[in-house]
Amino acid sequence: MDANVFPVPEAIAKTALIDNAKYLEMYDRSVKDSVGFWAEHGQRIDWIKPYTEVKDVSYDPHDVHIRWFHDGTLNVSANCLDRHLATRGDQTAIIWEGDDPSESENITYRDLHARVCRFANAMKAQGVKKGDRVCIYLPMIPEAAVAMLACARIGAVHSIVFGGFSPDSLSNRIQDSECVMLITSDEGLRGGRKVPLKANADKALETCPSVTSVVVVKRTGGAVAMTEGRDVWYHDVVAAASADCPAEELDAEHPLFILYTSGSTGKPKGVLHTSGGYLVYASMTHQYVFDYKDGDIYWCTADVGWVTGHSYIVYGPLANGATTLMFEGVPNYPSVSRFWDVIDKHQVSIFYTAPTAIRSLMREGEEPVQRTSRKSLRLLGSVGEPINPEAWLWYHRVVGDSRCPIVDTWWQTETGGILITPLPGATALKPGSATRPFFGVVPLLVDAEGNELSGATEGNLCIADSWPGQMRTVYGDHERFVQTYFTTYKGYYFTGDGCRRDEDGYYWITGRVDDVINVSGHRMGTAEVESALVAHPKVAEAAVVGYPHDIKGQGIYAYVTLVAGEEPTEALRKELVGWVRTEIGPIASPDVIQWAPGLPKTRSGKIMRRILRKIAENDFGALGDTSTLADPTVVDDLIDNRPDA
Ligand code: WT7
């Protein structure tokens, strides 16, 4: 066999839920009889009123609609909590590991249920009603999961904003969906450093008239301002609330959450996910992709501020009655062995993280890994960006002691759950490939004109047909949903990714083909960084592209033209980096700023990003045709003055 192929290890094959024959059989049925397949698998969760309809989907640009199980009713929080009480009330639902290694907590299903019920009642007492939007701006503490499930319990729609976002970014997201409540904490704690969440929230709320109440979790005890009549302490309102809160009966298509994500143009979009189909898909992928069985200790290192945290820390695992670990800290605090120490401490068997974390830990050498045991591990996962074969091989050999398969899971905020992935007991692995589609998923590669390409080839990745976890709309802007995903290639969902398919039918994601960049697994629209830059009084124009970065995958490379008379100094460069951090958040900090007296533009004034990308990549041989530029000399100037990235 090919040396670059890793067959299913024997120990895994013996116990895995799905072997290759079963995968092929189930996959075949899932695409030939999609309705029958999902009618059956929709029953993996509890319905209050069973569905009789399975699927109602149209990708016709004049009438895009996506509905699954739509005459059924259910409650997502009851599926994640109540239905486990009889069989596993005393089992740990959440293992919480604090930023400081001396802090951790095990929360049983019974305890989590009681906490969720109390907080759901407290939210109602604050005036939150079914359908209201509630913004969650919390660190990775149990109250984040409690708040999500409490919203789901009463039919409120949560919108989580990552704690690393700035007051401005928070404010824009709250305004877009007109949230009525904000749930935050005094401060966050990451790597021993405090993050001023409440202070950020206060600043954001200056421009958010829709928010009438703010619930504040005491995390660090740091001093915060409390606004009379608006702000209440979490511990006060839950103490006053009853632990009896019946779960609302909600339609399958009742909105569960909104999560903002970056696109190639304009401001971030509110990706809307609904209840029934989402939960079926999140729980099913969690079970099969991670081969989850009772007794496993499962750890996904993502933040609940991203979709990975929604589907694979909270909803998927809890719907499956799993034990899910929630980590407040960072991989390098108090030491670069932290991940592996936590694995030993809690006997983690399934570990799911991002390539950027692997690459940064790989740089620290093998010793910090090898001084830990990791004997409890049996499966590793990767998500968020392409994993380079070098990092894959290190993860496999050093972290997994060459014993654990790696599931490289490709998906998106929009897809709700994993679409392309190995199954541990079924799929021989190739380092760097997300391998094969999950059940019901039909990937398609198309050329620029939308022609479907067959066999081993490379093209733009589309998905034919729908799957239950698919997003339903862009909140408040259905037209943007249609435009973004369903007009480029008729009849298909367009992912925005480029992809290669090899002779074995394995998929290799090559990265975004639009103006979205992926920085440490975080998605960033180049347009957002550009508009932050041009908002600075000394900046006349800016163009932002991604470039290859050893640790982050992609770094942010900004070309900046200053207004006439301004001097390009080192101090100004620092000021602009700080400016973008304050406008958007630390994840958007430009890695390189190049002063650009002029930008390469066509005669009609369009910036030629292709050229800017090549210069950022240090690849001057491949600039291509520059004859259509209004002023071709700007290119030579940019090449000559390229800073060392
Ligand atoms: C984009 C989606 C999926 C949850 C986290 C990111 C890239 C994601 C992989 C992977 C190669 C990947 C794609 C995708 N991506 N996973 N396994 N291999 N690329 O969600 O922020 O919505 O970003 O992340 O480019 O389009 P997101």
Side-chain angles (χ1 to χ4, degrees), residues 16-18 26 30 37-48 50-51 54-55 68-69 72-85 87-88 91-94 109 112-113 116 145 148-149 151-153 158 247 250 252-254 256-257 259 273-300 302 304 307-326 350 352 379 381 383 407 409 411 413 415-419 421 423-424 438-441 466-472:
L17 297 170
I18 310 249
M26 281 175 74
S30 75
F37 180 87
W38 289 112
E40 181 185 325
H41 289 280
Q43 289 172 31
R44 59 179 293 114
I45 62 170
D46 281 357
W47 296 85
I48 300 171
Y51 51 85
V54 173
K55 178 181 179 187
W68 284 87
F69 312 113
T73 64
L74 78 163
N75 183 281
V76 167
S77 111
N79 268 283
C80 292
L81 300 167
D82 308 48
R83 75 159 166 160
H84 303 313
L85 294 183
T87 49
R88 50 177 97 236
Q91 182 201 307
T92 300
I94 297 179
Y109 272 95
L112 186 61
H113 174 261
V116 168
M148 293 165 79
L149 293 163
C151 286
R153 195 156 190 93
H158 59 72
L250 300 168
E253 289 297 335
H254 186 77
L256 178 64
F257 65 85
L259 185 57
H273 283 286
T274 59
S275 303
Y278 171 79
L279 196 66
V280 166
Y281 199 76
S283 67
M284 184 163 167
T285 45
H286 172 261
Q287 182 184 4
Y288 291 137
V289 173
F290 299 105
D291 192 38
Y292 186 88
K293 302 185 205 72
D294 276 347
D296 274 317
I297 307 288
Y298 163 87
W299 180 18
C300 164
V304 291
V307 74
T308 311
H310 286 64
S311 300
Y312 298 115
I313 295 177
V314 178
Y315 290 117
L318 296 180
N320 289 338
T323 298
T324 178
L325 193 151
M326 189 174 181
I350 304 168
Y352 189 32
L379 182 63
V383 61
V407 288
T409 62
W411 59 297
T413 305
T415 69
I418 295 163
L419 295 197
T421 178
L423 299 185
F438 191 74
F439 306 126
V441 175
S466 181
W467 60 98
Q470 186 173 24
M471 74 182 283
R472 302 302 197 249

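For clarity, every value in this text was computed on a predicted model and none was experimentally measured. Just so it is clear, the values below take in all heavy atoms, side chains as well, and ignore hydrogens, waters and symmetry mates.
At least one donor-acceptor pair under 3.5 Å links the side chain of Glu253 to the backbone N or O of Trp68. Between the side chain of Arg83 and the backbone N or O of Ile45, no donor-acceptor pair lies under 3.5 Å. No donor-acceptor pair closer than 3.5 Å links the side chain of Thr409 to the backbone N or O of Ile418. With His286 contributing its side chain and Ile313 its backbone, the two residues share no donor-acceptor pair below 3.5 Å. Checked by atom type and distance alone, the side chain of His273 pairs as donor or acceptor with a backbone atom of Thr413 at under 3.5 Å. Distance alone, capped at 3.5 Å, is enough to place a donor-acceptor pair between the Trp47 side chain and the Gly42 backbone. Proximity of a side-chain donor or acceptor of Asn79 to a complementary backbone N or O of Asp46 within less than 3.5 Å is detected.
At a cut-off of 3.5 Å, with distance as the only test, no side-chain donor of Thr308 or Trp411 sits close to an acceptor on the other residue. For the residue pair Ser311 / Tyr278, a side-chain donor-acceptor distance below 3.5 Å is found, with atom types taken as modelled. No side-chain donor from either of Gln470 and Thr415 sits under 3.5 Å from a side-chain acceptor of the other.
The minimum heavy-atom distance between Arg153 and Ser77, with the atom names listed, is NH1-OG, 2.8 Å. In terms of heavy atoms, Ala152 sits closest to Asn75 at O-ND2, 3.1 Å. Met326 and Ala145 get closest at one heavy-atom pair: CE-N, 4.3 Å. The two residues Gly309 and Ala302 have their closest heavy-atom pair at N-CB, 4.0 Å.
Test Tyr288, Phe69, Phe438 against Tyr281 for ring-ring contact (aromatic ring centres under 6.0 Å, His included) and you get one pass: Phe438.
In this structure, Asp294 and Arg88 have side chains that are in contact, with non-hydrogen atoms separated by less than 4.5 Å. Between Ile94 and Leu112 the shortest side-chain heavy-atom distance falls below 4.5 Å. By the 4.5 Å heavy-atom criterion applied to side chains, Asn320 and Arg44 are counted as neighbours.
For the atom pair CD1 of Ile350 and CG of Asp296, the computed distance is 3.5 Å after rounding to the nearest 0.5 Å. A distance of 11.0 Å separates CG in Leu74 from OH in Tyr51, rounded to the nearest 0.5 Å. In this structure, OG1 in Thr92 is found 7.0 Å from CD1 in Ile297, a value given to the nearest 0.5 Å. Atom CD of Gln43 is separated from atom NE2 of His41 by 10.0 Å, given to the nearest 0.5 angstrom. The OG1 atom of Thr274 sits 11.0 Å away from the CG atom of Leu250 when rounded to the nearest 0.5 Å. In this structure, CG on Leu423 lies 8.5 Å from CG on Asp291, to the nearest 0.5 angstrom.
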Checklist entry - Between Trp467 and Leu419, does a side-chain contact (heavy atoms from CB on, under 4.5 Å) hold up when you go through it step by step? => result CA-CA 9 Å; Trp467 60 98; Leu419 295 197; 3.6 Å; yes
Next on the checklist: Show, in sequence, the C-alpha distance, side-chain angles and deciding distance for Tyr109 and Thr87, and conclude whether the side-chain contact (heavy atoms from CB on, under 4.5 Å) test is met.
Outcome noted: CA-CA 10 Å; Tyr109 272 95; Thr87 49; over 6 Å; no
Next on the checklist: Does Leu379 form a side-chain contact (heavy atoms from CB on, under 4.5 Å) with Phe290? I'd like the steps, not just the answer.
Outcome noted: CA-CA 7 Å; Leu379 182 63; Phe290 299 105; 4.2 Å; yes
Checklist entry - Is there a side-chain contact (heavy atoms from CB on, under 4.5 Å) between Val307 and Tyr312 once you walk through the steps? => result CA-CA 8 Å; Val307 74; Tyr312 298 115; over 6 Å; no
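Using the six-membered ring where Trp is involved, His310 and Tyr315 have ring planes that are tilted, between 30° and 60° apart.
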